[in-house]
Asks: 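Take a look at the following structure, please.
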Amino acid sequence: MMTKELDKSVTYLEERGFDAPEIGIVLGSGLGRMEEELDDLLVAHYHHIPFFPLATVEFHSGKLLCGTLYGKKVVMMQGRFHLYEGYDFIDITYPIRVMHRLGIRKLLISNAAGAINPGFRKGELMLITDHLNLQGGSPLAFKSVAEFGERFVDMSCPYDREMQDMAREIAADSGIVLREGVYAAVVGPQLETRAEYRMLGRLGADAVGMSTVPEVIVANHLGLPVAAISVLTDECDPDHLEPVVVADILATAAKAEPNLVRLFRGVINRI
Ligand code: HPA
């Protein structure tokens, strides 16, 4: 990855009015409805942005949105890149670097995740307080990383404390159940075996999914405060495991989405 490429992506977007957004937002699978809340909407399709990762067939709908959300200028990723689609760590985190260069000062991430903690129910939200990188690589393992920041990035507090507190307050004020815990990132796309769910619980995971951790590592590399919330879409009880159907995961994500939007709205208002 090169600075020149990033500059070209950013210039393309700035020429189309993506001007100095304050907050970046990544929308997870089945969590696209926040787009409807954007005013003064600008759209850039991923496949039109120079040097953006090349789309796979099923991923033609990805787009970067810019607009005003609850009075703040934001840039929003509608659709993210996953390792399981064949992209590498550099590809999937490239948009985070682009949004940072556009000017964002905070990053909010959502995802769909399986509930490992036996006390958590599907349809609930979980504030990610820490993570396990089980994806077998790093988005910072490239030769010129030092040009972009510190190579040995501190990860003692990867999720911004202030935004975590905001999310807790908003959840309490609006009666939203907000669990908290450790998110484990795996490659996928296959779901986990019972033995794997059992292992993840023993490792200290409260939820499991296939994204977010690379983006959070890069946000930390950039010194960009980040908060992330999982929508728990299935219950991963190794002793009573039901077959997991992706359509059900997406349906559960859609059902829980209004609460996620309320939480994000509250955080954005307070930033
Ligand atoms: N495992 C991994 N990723 C997921 C799951 C799961 O059970 N649910 C939603 N995303």
Side-chain angles (χ1 to χ4, degrees), residues 25-34 56 58-59 61-62 77-89 92-93 108-137 139 159 177-217 227-261 263-264:
I25 300 170
V26 183
L27 300 177
S29 307
L31 303 169
R33 285 224 312 261
M34 216 149 114
T56 57
E58 71 229 78
F59 196 50
S61 64
M77 286 180 72
Q78 170 85 269
R80 57 149 68 86
F81 299 92
H82 297 91
L83 289 174
Y84 65 71
E85 293 164 296
Y87 299 104
D88 65 24
F89 281 99
I92 60 179
T93 51
L108 296 175
I109 298 181
S110 62
N111 62 43
I116 299 283
N117 186 315
F120 295 178
R121 297 278 80 85
K122 76 178 193 179
E124 292 177 342
L125 302 179
M126 187 188 93
L127 179 68
I128 302 180
T129 54
D130 206 344
H131 71 224
L132 293 166
N133 177 9
L134 301 177
Q135 293 188 315
Y159 297 86
V177 175
L178 182 62
R179 306 294 189 178
E180 298 191 16
V182 174
Y183 173 91
V186 296
V187 175
Q190 73 286 350
L191 290 138
E192 286 68 36
T193 64
R194 288 181 296 155
E196 286 164 343
Y197 283 135
R198 198 172 285 121
M199 170 190 78
L200 288 165
R202 288 187 182 154
L203 288 179
D206 296 293
V208 57
M210 305 172 190
S211 67
T212 302
V213 164
E215 290 113 308
V216 168
I217 292 171
I229 292 175
S230 292
V231 174
L232 303 174
T233 54
D234 52 302
E235 291 170 19
C236 312
D237 175 356
D239 299 319
H240 308 91
L241 191 61
E242 308 273 335
V244 183
V245 180
V246 171
D248 292 348
I249 287 181
L250 295 178
T252 305
K255 242 190 275 172
E257 190 174 18
N259 278 342
L260 180 77
V261 171
L263 267 193
F264 272 14

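Since this is a predicted model, take the numbers as computed values, not measurements. First listed ligand is number 1; within each ligand, the first listed atom is number 1.
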Asks: Dump the pairs for me: ligand 1 N or O, protein N or O, distance under 3.5 Å, to 0.1 Å.
Replies:
residue, atom, partner, partner atom, Å
ligand 1, 1 (N), E192, OE1, 2.6
ligand 1, 7 (O), Y197, OH, 2.8
ligand 1, 7 (O), D234, OD2, 2.9
ligand 1, 8 (N), G114, N, 3.2
ligand 1, 8 (N), D234, OD1, 2.7

Asks: Identify, with sequence neighbours excluded, every residue that meets side-chain hydrogen bond (donor to acceptor under 3.5 Å, both in side chains) alongside S230.
Replies: N111
Asks: Less than 4.5 Å apart, any side-chain heavy atom of D206 and any of I116?
Replies: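 They are not in side-chain contact.
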Asks: Taking salt bridge (charged side-chain N to carboxylate O under 4.0 Å, His left out) as the definition, give me every residue that meets it alongside E235, ordered by chain and number, with sequence neighbours left out.
Replies: R121
Asks: Applying side-chain hydrogen bond (donor to acceptor under 3.5 Å, both in side chains), name anything that partners N133, two or more places apart in sequence or on another chain.
Replies: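 side-chain hydrogen bond (donor to acceptor under 3.5 Å, both in side chains) list for N133, sorted by chain: empty.
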Asks: Where the side chain of S110 meets the backbone of V26, is there a donor-acceptor pair that is under 3.5 Å apart?
Replies: yes
Asks: Do E215 side-chain atoms and T93 backbone N/O form a donor-acceptor pair below 3.5 Å?
Replies: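 Absent.
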